[in-house]
Each structure stands twice: as structure tokens, then as C-alpha cells.
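Quantities reported herein were computed from a predicted structural model and do not represent experimental measurements. These values consider heavy atoms only, across backbone and side chains, with no hydrogens, waters or symmetry-generated copies. First the proteins, then the strands, lettered A, B, ... as listed; each starts at 1.
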Number of protein chains: 2
Amino acid sequence: MPDPPDESPVVHIVDDDPDLGDGLSSVLRSVGLNARAYRSTVDFLRADDLDAPGCIVLDIRLPGTNGLDFQAELVRLGVPLPVILMTGHGDIPMSVRAMKAGAVDFLPKPFRDQDMIDAVTAAINRDRLQRASEQQAVAIVDRYVTLSPREREVMALVTAGKMNKQIAGELGLSEVTVKIHRGAAMRKMGARSLAELVRMADTLKNRTR
Amino acid sequence: MPDPPDESPVVHIVDDDPDLGDGLSSVLRSVGLNARAYRSTVDFLRADDLDAPGCIVLDIRLPGTNGLDFQAELVRLGVPLPVILMTGHGDIPMSVRAMKAGAVDFLPKPFRDQDMIDAVTAAINRDRLQRASEQQAVAIVDRYVTLSPREREVMALVTAGKMNKQIAGELGLSEVTVKIHRGAAMRKMGARSLAELVRMADTLKNRTR
DNA sequence: AATGTCATCACACGAAGGTATGGTCGGTGA
DNA sequence: TCACCGACCATACCTTCGTGTGATGACATT
């Protein structure tokens, strides 16, 4: 069920100038990268491999959409690919806004091929790191959702450092029952020690927040 | 021994144009902020309140020093104050470089007073958050350094989730001795539960790394 | 020489954690 | 209706943890 082991990264180029898209594609392919060009954000969103590792190279001025707004849109849509922005008519406030929003880089046109290659390399690297921690976090959430409500309550108190006796008191249970839920939580979460369970709980907390 | 409870934040303005320094100072004072102007980075480094909360507003083009290089220099010197950069003759790559290096904002001159006020507010806020987590981390390190070598070894294995018996085996000790070191570590670290100790260990690991 | 810290261990006991057996109760879906 | 699951509890037993008492030896400081 896991995807075919690490597909090679795809660079999605979104620019309404086909010459630039083609040129950039061949430059990136020349360094062994998989590149794909789109004429608009709509075309891009229709692509089927948005879940594959990679990054996005986005022109700021596009028909219909503003590149900066689209950057925010991507977050909203749950597309976590790192973004590199480029523009022919940008200014400093624009670039600052983009960087604040998490862009990997912001390149004024014309740029040197090497600069774009460096930016794309950095972006793909960032994506790789993101994916690694994301994947680990998802595995933990997957296990967490199999816990019953009571097991979750007990797990929360256990990882807060409380003793079984205290937990029993707070939840109005007997100590034995707490132990049962606690044991079930450990088993379902796949934690081989309390320390592991604590770290999993912290990972869960830092998600979505 | 802790500093007088939260001194109010100081905005350090570094610009070789005294008019700008004075003007900006009064603008910031008008919104209740403590501002201080310097003509050069050297003057700034001679200031005595670099440890107080606040931020730095730095011109890029300064006599002798480049603002971007100085930004890196500050990190090297261990001055953790957030930096806002401003410039009369900047370009996009410059702003991108600054943002990548962690600048809070990058304002082209002339800028609107309100934009600078917003940037300074954001910077001071970032500083406040940084200080909070830094202070907590330092408290943990302070306690950690009081541990004997053995106690540190045992703490590492305990927080890795190992049982006393295993630890005794790995270190070639009797289980009793492990318990003693373990207890000492808990006491010295001020941890009231294993969960707390695990989190402290994680905080220690994430420091300096 | 005296003091203090670190490190080590034995013995012992009570507290806390973990698991198993066996049983009750209520809700859900086949 | 039956089977299943979540939640609950008691009794029992074993393991692990925490701490105290008492003791030894090394090494550094005063």
C-alpha cells in the first residue's frame, strides 16, 4: 500500500509563456530532473501527480490568478509542495511577502539557469525533509485513531506524567481499569516504552497546531 | 538574580543618516516604544543593553559594513535580536537573501511609518517568543550541567525508554546503582515524572543542533 | 588530615506498573 | 436474536520502580 518506493521528484512549472516553460523544462531535465510545464494554475491543478515529491516553479503574473494568492491557495488545498516564485515585473515588497508566506526562493526574470537549478534543488530537499516528518506523523495519527475515547483520555493523562492512581481518581475509575486502557493504548500505538508514548503524544500535539 | 522583571523592549536603529534615526525614533516613541539610534554597527555593538528584549532596524548600506553581512555577524556574536532591514538602493535578490537569513522584514526606503511600526511590532513579538522558549531551555541546561557523568549516561538511557535492568547490563552496573543515578537525575532535573524527564531530554537534544 | 563528591553495591520494603482470569452491562450491526 | 465491542470492575500475581540504611573505595579540595 505504500507508494512505489520514492518516485523521482517532479518539478511543476506554471507559466503562461510556453517558451519559458519549454526552456526551463529542458534545463531541468539536463540535470536529471523530471519537469512538467503548465500554461495556467488550472491546468496545474488538473495534474494527477500532485502527491508525488517535487516542487512548484510559479510565475507571479498569470492569467486570472495572482501567483502570491495562488501560493496561499495551495496551502488551503493541502498541496504541501514547496514553491519557487519568478517574475518579470516584481518589486521588493512582493518578494518579501512571498518569502514570509514560505516560498523557497523568488527569482526575477531573467535569471541564470544555475540559480534556478539551485533553487529547485533546495526546494526538493525541503520537500524531502517535510515528507519524512510528515510520513512519520501520519503513521502515528493512523494508530491514534484506532484508540477508543477512553483510551485517548487515559493516554493523555499518562503522557502528562500522572500515575494510574491519580488518573483513576480524575476519571472516576478503578485503578485496574486505567491499567487496562493504558495497556491497550501502548499496544495500539506500538509504543515499546513510556518514553516512546510520550514522544508520540507530543508529535500528535504539534500536528494541526 | 533574574533581570528586573521584563524590561520594556528596545528598538535599536542603525543608520548613518542621523535624520532618519531621529525621525524613526520619534515615530516609534509615539507608539510607546523605547528607541535608540546609532550611526554605525560599531556604535551599536558598544551599547550595553543588547541583552534586553527588542529588535534591530538596520540599514543595508553602512560605512564599512554591509548590512547583510552584519546580519550574519550578529548570529555569530550570539546576539539573538530579530532584524529588520531597510535600504534605499536594494533589489530583489538582496531582500530574498535577507529573508532567507531570518530577517523579519525588508523595507525599501522611503517606507510608510505604519509599515515600520508593523514590522517592529512583529519583530518584538518574535523576540518575545524566542525568549520564552530560550529561557525555558536555559533553565533545563542549567540543571543538566549539575549532573555527574554517570547520571547523564543513565538519564540518556532512561529517556530512551530502557528499563533499569537493561541499563545496568549496558553500563556494567548493578540495578541498584542505576536506580540511585536515576533518582539523582530526576531530583537534580526537577522532573516530577518520567514524562517530564523525557521532554527535558528532548529539549536538550534540540538545543545546539 | 579532614571534608566532600562520585561511584559502587547489598539488603529490604513498599509503591506503582503490567497482565491474566473471569465476569457485568449497554449499544450496534448482521 | 446473536455476536461483537467498548467500558467497567475484582482478585491475584509478578515485575519494575523508588527509597532508605549501611558500607567501601577513589580522588580532589581545603
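- Considering only side-chain N and O atoms, B:H181 lies nowhere under 4.0 angstrom from the phosphate OP1 or OP2 of C:dC6.
- One finds no salt bridge joining B:R131 and B:E134 here, because no Lys/Arg side-chain nitrogen approaches an Asp/Glu carboxylate oxygen to under 4.0 Å.
- Comment: A:D69 engages A:R97 in a salt bridge, judged by a side-chain N to carboxylate O separation of less than 4.0 angstrom.
- In this entry the distance linking CE of A:M163 with C1' of D:dC17 reads 12 Å, nearest Å.
- Exactly one residue among A:R143, A:R182, A:K188 makes a salt bridge (Lys or Arg N to Asp or Glu O under 4.0 Å) with A:E151. That residue is A:K188.
- Straight-line distance from the CD atom of A:E175 to the P atom of D:dT11: 13 Å, rounded to whole Å.
- Across residues 145-160 of chain B, B:S148, B:P149, B:R150 each have a non-hydrogen atom less than 4.0 Å from an atom of DNA chain C (numbered order).
- Contact annotation: A:T177 reaches the phosphate of D:dC9 (side-chain N/O to OP1 or OP2, under 4.0 Å).
- A distance-only check finds no donor-acceptor pair linking the side chain of B:R150 to the backbone of B:V178 [under 3.5 Å].
- For the pair B:R61 and B:D16, the salt-bridge criterion is not met [side-chain N within less than 4.0 Å of a carboxylate O].
- Salt bridge A:R46/A:D43: present, at least one basic N to carboxylate O contact under 4.0 Å.
- Residues from residues 165-174 of chain A lying near DNA chain C, meaning a heavy-atom separation below 4.0 Å, are A:K165 in numerical order.
- Judged by distance alone, with hydrogens and angles left aside, the side-chain atoms of A:E153 form no donor-acceptor pair with the main-chain N or O of A:L171 at under 3.5 Å.
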Open item on the list: Is there a side chain to side chain contact (heavy atoms under 4.5 Å, CB included) between B:L68 and B:L85? Walk through the geometry before answering.
Closed with: CA-CA 8 Å; B:L68 292 177; B:L85 288 161; 3.8 Å; yes

All N/O pairs under 3.5 Å across the protein-nucleotides 18-21 of chain C interface:
{"residue": "C:dG18", "atom": "OP2", "partner": "A:R182", "partner atom": "NE", "Å": "2.7"}
{"residue": "C:dG18", "atom": "N7", "partner": "A:K179", "partner atom": "NZ", "Å": "3.1"}
{"residue": "C:dG18", "atom": "O6", "partner": "A:K179", "partner atom": "NZ", "Å": "3.3"}

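- Considering only heavy atoms from C-beta on, A:F106 stays 4.5 Å or farther from B:M99 through its side chain.
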Open item on the list: side chain to side chain contact (heavy atoms under 4.5 Å, CB included), that's the test. Do B:L50 and B:H12 meet it? Break it down for me.
Closed with: CA-CA 9 Å; B:L50 299 189; B:H12 305 274; 4.2 Å; yes

